[in-house]
2 protein chains.
Amino acid sequence: MTARAAAHAHTSHNHRACIDDALATARELCATRGVQLTPLREKVLHIVWRSHKPMGAYEVLDELARSHKAARPPTVYRALDFLMAEGLIHKIESLNAYLGCIEAGAPHSGQFLICQKCGATEEIVDPKLETALEAAARRAHFQPVRKVVEISGLCARCGK
Amino acid sequence: MTARAAAHAHTSHNHRACIDDALATARELCATRGVQLTPLREKVLHIVWRSHKPMGAYEVLDELARSHKAARPPTVYRALDFLMAEGLIHKIESLNAYLGCIEAGAPHSGQFLICQKCGATEEIVDPKLETALEAAARRAHFQPVRKVVEISGLCARCGK
DNA sequence: GCTCTTGTTGTTATGTTGTACCATCCGCAT
DNA sequence: ATGCGGATGGTACAACATAACAACAAGAGC
């Protein structure tokens with residue numbers, strides 16, 4: 001079980017390895033693609049990965065500003081936009097917050113289970129759900145581009 | 001085919017009947033439930049229903065203010081909150097905008113097809129998709145409360 | 001009739017999230 | 001050395017949303 005495969009928000013895991021793995025994957029991907037994962041962008045990615053809870057842009061900014069005095073809203077949003085464009089993070093629309101992507105490199109919109117109690121958010125990859133989304137769109141002669149799936153409720157721990 | 005059943009954003013239909021039907025249903029529902037669909041709230045519902053495009057709260061405010069001088073942001077947000085609580089409108093999270101609900105009375109989170117070109121947004125009710133969502137949550141021992149499904153892309157017309 | 005309670009609306013101010021726009025810097029190819 | 005493109009610095013502002021308290025209206029119980 002790799003660190004990233006263990007990225008279930010509700011399970012305890014070696015989160016340092018989890019982060020390190022995500023950063024390593026990001027560096028590889030960006031090198032391959034010929035895009036720049038600059039120190040600033042990597043720092044933002046690292047901050048987002050510090051927890052499995054979606055993080056608001058201004059939370060990221062506060063954290064970033066501790067080591068980067070020049071940080072301003074555009075600084076953060078530009079980095080977040082880059083990371084999203086490269087598929088390294090996702091935006092959770094229902095929270096206006098950002099979360100590290102567990103399947104970086106494979107372009108996808110993401111499917112999320114968001115705990116309303118503890119905030120932990122797990123990205124899932126469910127082929128049947130994906131199929132159902134495609135089918136629903138097809139039925140309406142609709143060409144899907146981005147599929148937002150965010151299920152809020154109680155995670156395995158909090159729901160007990 | 002009733003007006004509401006014809007509420008496909010991309011099809012031409014008698015939108016006046018569409019609105020009238022939605023308002024009549026809303027009045028019935030609120031009467032049954034013993035909650036107040038006040039003139040203000042009804043006016044906001046009417047404004048949201050004027051199109052099949054999700055409407056921002058401040059757009060609603062601008063429209064409302066034409067006939068209601070006292071309108072302020074809280075005026076609109078309170079009305080929208082009431083209408084959402086009663087299941088008469090939905091919030092489209094990926095747009096920060098609001099849309100009339102085509103299945104008022106049946107509590108549901110809604111599934112949406114959002115055209116990126118023309119803005120028309122169609123609410124769909126797809127049992128298989130619903131099942132897939134439930135199954136995905138169940139697999140993770142997650143208790144779903146709200147399910148956000150928003151598919152952006154090109155509608156039948158714009159995708160041709 | 002009185003007044004208590006509850007729900008709705010008025011009103012001001014502020015908090016939160018996200019962008020427009022232009023300047024500056026830096027590496028690199030010409 | 002010059003110009004170019006990508007990245008960052010920095011100011012201001014736009015867009016979205018809520019806190020907090022005042023005013024008012026209508027029904028319930030006395």
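Within every chain, numbering begins at 1; the chains are lettered A, B, ... in the order of the sequence lines, protein sequences first and strands thereafter.
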Side chain to side chain, S94(B) and I114(B), heavy atoms closer than 4.5 Å: yes

Within-4.5 Å side-chain heavy-atom neighbours: R157(B) and C118(B): no

Any side-chain donor near an acceptor of the partner, H90(B) and E123(B), under 3.5 Å: yes

N/O contacts under 3.5 Å, protein versus nucleotides 26-30 of chain C?
none

Whole-Å distance separating the CG atom of L83(A) from the P atom of dA7(D): 12 Å

Whole angstrom value for the distance that separates C1' of dG7(C) from CG of L37(B): 15 Å

Side chains of C30(B) and V35(B) in contact at under 4.5 Å (non-hydrogen atoms): yes

Atom-to-atom span, CG of L61(A) to P of dT17(C) - whole angstrom: 11 Å

Sequence-aligned protein contact record of nucleotides 8-17 of chain D, with B where the base is within under 4.0 Å of a protein heavy atom and S where only the sugar-phosphate is: BBBB----BB

Presence of salt bridge, E134(A) and K147(A), under 4.0 angstrom: yes

Side-chain touch P73(B)/L61(B), heavy atoms, less than 4.5 angstrom: yes

Check ion pair R41(B)-E86(B) (N to O, under 4.0 angstrom): no

N/O (side chain, Q36(A)) to phosphate O (OP1/OP2, dG6(D)) under 4.0 Å: no

Whether W49(A) and H15(A) hold their rings parallel, tilted or perpendicular, with breakpoints at 30° and 60°: tilted

Value in whole Å for how far the P atom of dT17(C) lies from CD of E93(B): 13 Å

